[in-house]
Protein chains: 2
Amino acid sequence: MSKSNNVYKDAYNRCLRLLDETRSLPSEPELGTLLGVSRTTVRTILARMEETGLIAWNKRAKTVLRETRPDDFFPEEETDTLAEIIERSFMRRLLAGGAEAGMQINELELAREIGVGTTSVREFLIRFSRFGLIEKRRNSHWVLKGFTRAFALELTEIREMFELRSAAAFAALPQDSAVWTDLDRLEDEHRQLAGDIAARFTEFSELDERFHRLIHRASRNRFIVDFYDVIAMIFHYHYQWNKAQERERNEVAIGEHLVYIEALKSRDLGKVDAACRKHLKSARQTLLTSIPESRSLQKS
Amino acid sequence: MSKSNNVYKDAYNRCLRLLDETRSLPSEPELGTLLGVSRTTVRTILARMEETGLIAWNKRAKTVLRETRPDDFFPEEETDTLAEIIERSFMRRLLAGGAEAGMQINELELAREIGVGTTSVREFLIRFSRFGLIEKRRNSHWVLKGFTRAFALELTEIREMFELRSAAAFAALPQDSAVWTDLDRLEDEHRQLAGDIAARFTEFSELDERFHRLIHRASRNRFIVDFYDVIAMIFHYHYQWNKAQERERNEVAIGEHLVYIEALKSRDLGKVDAACRKHLKSARQTLLTSIPESRSLQKS
DNA sequence: AAACTGTTTTTTCACGATAAAAGACATTAT
DNA sequence: ATAATGTCTTTTATCGTGAAAAAACAGTTT
């Protein structure tokens, strides 16, 4: 089993949804750009759609023959990339406890346990190392540094530095910049979410990420923009792991975001700075309180 | 040829130098820690030393039989790690020109050209990607972002942010901290180098790195400390590539460092800030002037 | 001629295999 | 009893290989 065809399966599923919406299919190259895959994959998709009687396909003529059915779709779990699978397994072990700082990480064991090749695990660990949670010993094992209080503090220190600077840069952007309409749209989404918070509070983390990424992008600095990947990853797993008071936390955060947005729109640097600091402070607090003391004891 | 024995060869050479100095050899485990390799490798080294008649070896008795000769050493190029070889090849191509922003990077071609497996090249590119010079297209090639003026500006922006903060943290360190003796030692080395600048100006870049790493470490933040890897890498290759006015540049930098060191020792935050800013400004200038205009045209 | 489809080539991704190196265990010497 | 050596096992580093996916090329259709 040298390589799974998850790219095809995922694109196939997305193509089915497209079919549901538009009831027709464009040309092969166009479909390729739409789905973000090569024409080779598009043709594999079309071939299967023909096979399962979804469409009749003859050169450029693609006729939709019937509605899609639930069983046309590939199972969700077959559409994940190997990297996603490995990351999930790894993070589960990390957060499940028993993952003390200083612990060794064994590539071979991880690979066997997840059921993948060692190369994929190695590559994952290398990519993952930039998050600052693991470290490589030359010609030897990886060492877990642990999701400790120290880690959270170091992470938030950088985050605050970067976001304050980005927010200032944002406020200084010319009136005709496209970011202002993006900001208006986000403000709208915030208000809608606030209006139905009881039912939709779980949707906040996705909105949160889009909001902060928009601000960081204003820095026009790749290192700042890329660093948000670290923050996003940590907050993503942190939210999955700690659901306590999620609704309240999100409600507070939405309020802070709205103040922050108003400040940005006012272009008053003092206000921006204050609103940004306030929000970052409570974000840090949220992260810190969710790290149990046992986890924060660092081996030195 | 699945894995070269460069670890052994490098450790062997270092062990020969040790032999020259001490005229004797400690126990296997001790030698292992000294050379930073496992006992397995130590025993391979001792076996060869016995074979070439350098020592007589019977259990714990290791008798030195003769002086080391130049031809006892393995050739330098056989002691490099694969990662170093790939990095050098890659950077040579990157700086040799013809490496325009937007250009595609082909793993297979790189691997063939360097004469290594694709896995090693892939792993190198993943590790290298954190320097912000290349970017991966999902399921497809890497894209070169180019060593442009924009890159230099983004890099130095972060550097300045981090170093100013680290320097302030440094100055606030308690008097009994070990860093102050480290700083004194570095000051000494600076003075010595300044005294013989005509002959030893090439030694500066190594000293420069040690000095700045000491300061960054005072931040006690892994992201700041790790970021210095990016700076060090860029400056390393930049210096190799642009030797113009190297002596003058280094002479100026040493002077700035000495002022900077005095400021740190005074623990006067205002002075520290001023000295740090001044030095960082000229460092940025040096980097910028060495980027030719053609290189700074970025495809958008 | 521009954009599409059909076909072939190339590249990426992931695996298993193997030598180098690390690490663990058993034994022996001080 | 501690610390070394001798031996065996496990893990890491790297390669070649093959299927999935991308990309290039050639031929058609509008």
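Quick caveat: nothing in here was measured; it's all calculated off a predicted structure. Per chain, numbering begins at 1; letters A, B, ... match sequence-line order.
For B:R43, the side-chain atoms get nearest to D:dT7 when compared with the rest of D:dT7, C:dT7, C:dA21. Counting only heavy atoms from C-beta on, A:S38 has its side chain closest to D:dA22 among D:dA22, C:dA17, D:dG6. Of the candidate nucleotides C:dT12, C:dA22, D:dT5, C:dA22 has the atom nearest to the side chain of A:S140. For B:N139, taking side-chain heavy atoms from C-beta onward, the closest of the listed nucleotides D:dA21, D:dT5, D:dT14 is D:dA21. Comparing atom distances between the B:T119 side chain and each of D:dA13, C:dA22, C:dC15 picks out C:dC15 as nearest. Nearest nucleotide to the side chain of B:W57, out of C:dT7, D:dG6, C:dC13: D:dG6.
Taking atom CZ of residue A:F124 and atom P of nucleotide C:dC13, one finds them 16 Å apart after rounding to whole Å. Distance CD1 (A:I86) to C1' (C:dC15): 12 Å, rounded to an integer number of Å. Here the P atom of nucleotide D:dA13 and the CZ atom of A:R138 are 9 Å apart, to the nearest Å. Between A:E113 atom CD and D:dT10 atom C1' the separation is 16 Å, expressed in whole Å. Rounded to an integer number of Å, the gap from B:N5 CG to C:dA22 P is 12 Å. The distance between atom CD of B:E28 and atom P of C:dA22, rounded to the nearest whole Å, is 14 Å. A:L46 has its CG atom 15 Å from the P atom of D:dA21, to the nearest Å. Atoms CD (A:E107) and P (D:dT14) sit 11 Å apart, rounded to a whole Å.
Between B:K59 and B:T81, the residue whose closest nucleotide on DNA chain D is further toward the 5' end is B:K59. Taking for each of B:T41 and A:K62 the nucleotide of DNA chain C with the nearest heavy atom, the 5'-most of the two is the partner of A:K62. Ranked by how close their nearest DNA chain D nucleotide is to the 5' end, B:S27 and B:E123 are led by B:S27. Comparing A:Q104 and B:W142 by the nucleotide of DNA chain C that holds the closest heavy atom to each, the one mapping nearer the 5' end is B:W142.
When the shell of 6.0 Å around CZ of A:R66 is examined, it contains more than 12 heavy atoms from other residues, nucleotides or ligands. Atom CZ of A:R220 is surrounded by 12 or fewer heavy atoms from other residues, nucleotides or ligands within 6.0 Å.
For B:S2 and C:dT18, a side-chain-to-base donor-acceptor distance below 3.5 Å is present, hydrogens and geometry of angles not being considered. Looking at B:K3, its side chain comes within 3.5 Å of the base of D:dT12 through a donor and an acceptor atom.
For B:R159 and B:F235, the positive end sits near the middle of the six-membered ring, less than 6.0 Å away and at most 45° from its axis.
Applying the 4.0 Å criterion to OP1 and OP2 of D:dT12, one finds that A:N106 has a side-chain N or O inside that range. B:R60 has no side-chain polar atom (N or O) that falls below the 4.0 Å cut-off from OP1 or OP2 of C:dA29. Taking 4.0 angstrom as the limit, A:H141 places none of its side-chain polar atoms (N or O) nearer than this to OP1 or OP2 of D:dT10. Between A:S120 and C:dC15, a side-chain N or O to OP1/OP2 separation shorter than 4.0 Å is present. For B:K136, a side-chain nitrogen or oxygen approaches OP1 or OP2 of C:dC13 to under 4.0 Å.
Here A:K9 lies out of heavy-atom contact (under 4.0 Å) with every strand. Residue contacts shown for B:I105 are limited to sugar-phosphate atoms, with no base heavy atom under 4.0 Å away. Note on B:R112: only backbone sugar-phosphate atoms sit closer than 4.0 angstrom, heavy atoms only; bases stay farther off. Residue-level contact check: B:T40 touches the bases, meaning some heavy atom is under 4.0 Å from a base atom.
Shortest non-hydrogen contact noted between A:K62 and A:S27 is NZ-CA, 3.7 Å. Nearest heavy-atom pair across A:A101 and A:K145 is CB-O, 3.3 Å. In terms of heavy atoms, A:G146 sits closest to A:F151 at O-CB, 4.1 Å.
Each end of the helix from C:dA1-D:dT30 to C:dT30-D:dA1 gets its own rotation axis from five pairs of C1' atoms, and the angle between them is 30° to the nearest 10 degrees.
Put simply, the side chain of B:E154 gets close to the backbone of A:R222: a donor and an acceptor are under 3.5 Å apart.
Aromatic rings from A:F223 and B:F227 are positioned such that their centres are separated by under 6.0 Å.
Of the residues B:N13, B:T52, B:D20, the one that meets the side-chain hydrogen bond (donor to acceptor under 3.5 Å, both in side chains) test with B:T68 is B:D20.
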